[in-house]
Number of protein chains: 2
Amino acid sequence: MILTEPSWDFYRTFLAVLQHGSLSAAARDLGLTQPTIGRHIDALEQAIGSELFTRSQQGLMPTDAALALKPYAETLASTSAALMRAASGARDTVSGVVRISASEVIGAEVLPPIIAAIQEAHPDLVVELSASDMVEDLLQREADIAVRMIAPSQDALLARHIGVIPLGLFAHRRYLDRYGTPEHLGDLGKHRLIGFDRQTAFVRAMMKRYPMLESPSFAFKSDHSIVLLNALRWGGGIGFCQVPLAKNNEDLVHVLPEIEISLDTWVAMHENLRSSPRCRVTFDALVAGLRNYLNPDTERNGR
Amino acid sequence: MILTEPSWDFYRTFLAVLQHGSLSAAARDLGLTQPTIGRHIDALEQAIGSELFTRSQQGLMPTDAALALKPYAETLASTSAALMRAASGARDTVSGVVRISASEVIGAEVLPPIIAAIQEAHPDLVVELSASDMVEDLLQREADIAVRMIAPSQDALLARHIGVIPLGLFAHRRYLDRYGTPEHLGDLGKHRLIGFDRQTAFVRAMMKRYPMLESPSFAFKSDHSIVLLNALRWGGGIGFCQVPLAKNNEDLVHVLPEIEISLDTWVAMHENLRSSPRCRVTFDALVAGLRNYLNPDTERNGR
DNA sequence: CACATGATATACAAAAATGCATGATCCTTA
DNA sequence: TAAGGATCATGCATTTTTGTATATCATGTG
């Protein structure tokens, strides 16, 4: 049997159905109609010679075959999105869309002023910021530029080392006034600790070093870093915080300063994007901004 | 202005035009007609808002914008091909297409018997072998499995270390009978040396170690490894050859055995493919076969 | 139990993409 | 210099794809 290559649009349809769980929902998402989506799936199944979904009236169940193809379809989608982004800017100007990926804390607390400064200098630059603690695979081009906490190990990556972000235990002054300040590690057992999920690189590193801080002792847990950070800021207890971040808030007190964890930080982007002005400018500005965040030597630490 | 996402098929057309250099040639390649291709390009240019080609009657010149988009389009194409390959095999059987990438010498001289053995055990397995000394980026999924000469440094890669392939200087007995056998490194200047291009990893490693073997002293050069290997086999001069390979040929004599270069060898594949039987089986068989090539300890070194 | 909601499948009309035929231009070659 | 070959552009008929409307079935709710 000869397989003629199916239309690439079918892959887009296929992914949408996979993501939305029904022909109708996929149709709404793509701006097409349900019969069209159904015919696309029919055609794709015919082209590859196996069933992709088991049809039922309340939706479609993906088969194993469909699930096996899903990562490829996702790569197609992110590559296509990256292509559109690359096409969005004129060649010799700093304009168009740049997509940045960073951890939640970095993305929410550190990057906004840096990005604002970039955009002040380059008004035509559009920034998409993906702030998530899930590891985004830079090579899938989900992001043009990534701020990462692990040393980039891939070949085609242009990476700049920012430095080591120290983390320490902090608490709000109000909390300490009320519950006292711990003097030794052992005192922590009597305190309200603010926890974190076990997914981020920083947590894994910490657990290795201070295994006594296991999750059972936490009084407040969330898988959302900003939630935890704000719990800390509102006096919810003692928790970890990036030291440079805490420095901006006079009410946060560094407790047990002998406990310290380091987050090695990098900015990485595709080598190909070096020649793209908008990516290059953003990359350089991110590197400079993050270094300034780490070591505010010059006095331009911005409002 | 709102950009509606263009049809993904346009990307395929775009890449074909880029690769073939004209609308007509791309049309022939894709099985469409030249006006259709032209309209696709028109539509794509309209969608992204910039010119992709400067039209002329003897072909199309890609603009800078088009060249910037090319890598993305290539990724789309290879991903789409990988998707088709992934779909080609039934789920629980060792069938369908596996694409292997290896260097020319490994691919042409070492792998064929190994692959033959695999296919003897699994008749429904179709193997595509890409034998090239260009580095194929495994993460672009151009190949499902790669035999590489550098340690895989990427995250999502399942890699197995094969061992170190030694390389040494060899010559055909006939050549040595006629021109004499070199006793010292300095003697090489009086001999016909068989050269190689400077692209492969092995060459770069060698040049570091034996800078005296610079290209000017070569009597025969080619950028094609098999050509060189065959020149050696036919008595064309003295050149490098993988030691295990030369062992199979009684007429090849190891000269100046103190000169030795090592090629560290790995087999790598995507972690996702671990659950694909055809890839998993091929991967394991390649690892076993290559290890046996390196150390034929058991006496099943096959015909 | 009736009814509203949301799902897929199908028939037919409308819209869009494609192919064909042709013309114009440029480069190569005899 | 003239002919041949290859290219892109354009008008028109045809094929293909898409949308609309409707039928049917399952599920959850008052």
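Note that these values count all heavy atoms, side chains included, but never hydrogens, waters or copies made by symmetry. Below, chain A is the first sequence line, B the second, and so on; all start at residue 1.
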| In whole angstroms, how far is the P atom of C:dC20 from the CZ atom of B:R39? | 12 Å
| task | Give the rounded distance in Å between these two atoms: CG of B:L32 and C1' of C:dC20. | result | 14 Å
| Phosphate contact (C:dA7 OP1 or OP2) by A:S22 side-chain N/O below 4.0 Å | yes
| said: Looking at C:dA17, I'd like to know if its phosphate oxygens (OP1 or OP2) sit under 4.0 Å from a side-chain N or O belonging to B:T36. | reply: no
| message | When you measure from the side-chain N and O atoms of B:S24 to the phosphate of D:dC8, is any distance below 4.0 Å, counting only OP1 and OP2? | response | yes
| query | Do the non-hydrogen side-chain atoms of B:L69 and B:I48 ever get within less than 4.5 Å of each other? | reply | yes
| field | For atom CG of B:L60 and atom P of C:dC27, their distance in whole Å | value | 15 Å
| DNA chain D: 5'-proximal contact among B:P35 and B:A25 (nearest heavy atom) | B:A25
| field | Lys/Arg N to Asp/Glu carboxylate O, B:R12 vs B:D9, below 4.0 Å | value | yes
| Whole-Å distance separating the CG atom of A:L30 from the P atom of D:dT18 | 11 Å
| Separation of atom CG in A:D9 from atom P in D:dT17, rounded to whole Å | 12 Å
| query | How long is the line joining CE of B:M61 and P of D:dC8, in whole Å? | reply | 14 Å
| query | Can you tell me how far CD of A:E74 sits from OH of A:Y11, rounded to the nearest 0.5 angstrom? | reply | 15.0 Å
| request: Could you tell me the separation between the NE2 atom of A:H20 and the C1' atom of C:dA7, rounded to a whole number of Å? | output: 16 Å
| query | Side chains of B:R148 and B:S101: closer than 4.5 Å at any heavy-atom pair? | reply | no
| said: Quick one, B:L76 and A:L76 - any side-chain contact, counting heavy atoms below 4.5 Å? | reply: yes
| task | Report yes if a donor N or O on one partner sits less than 3.5 Å from an acceptor N or O on the other, where the partners are the side chain of A:Q34 and the base of C:dA7; otherwise report no. | result | no
| For C:dG6, does OP1 or OP2 lie under 4.0 Å from any side-chain N or O of A:R28? | no
| Roughly, in whole Å, what's the span from CG in A:L23 to C1' in C:dA9? | 10 Å
| Distance below 4.0 Å between A:H40 side-chain N/O and D:dT18 OP1 or OP2 | yes
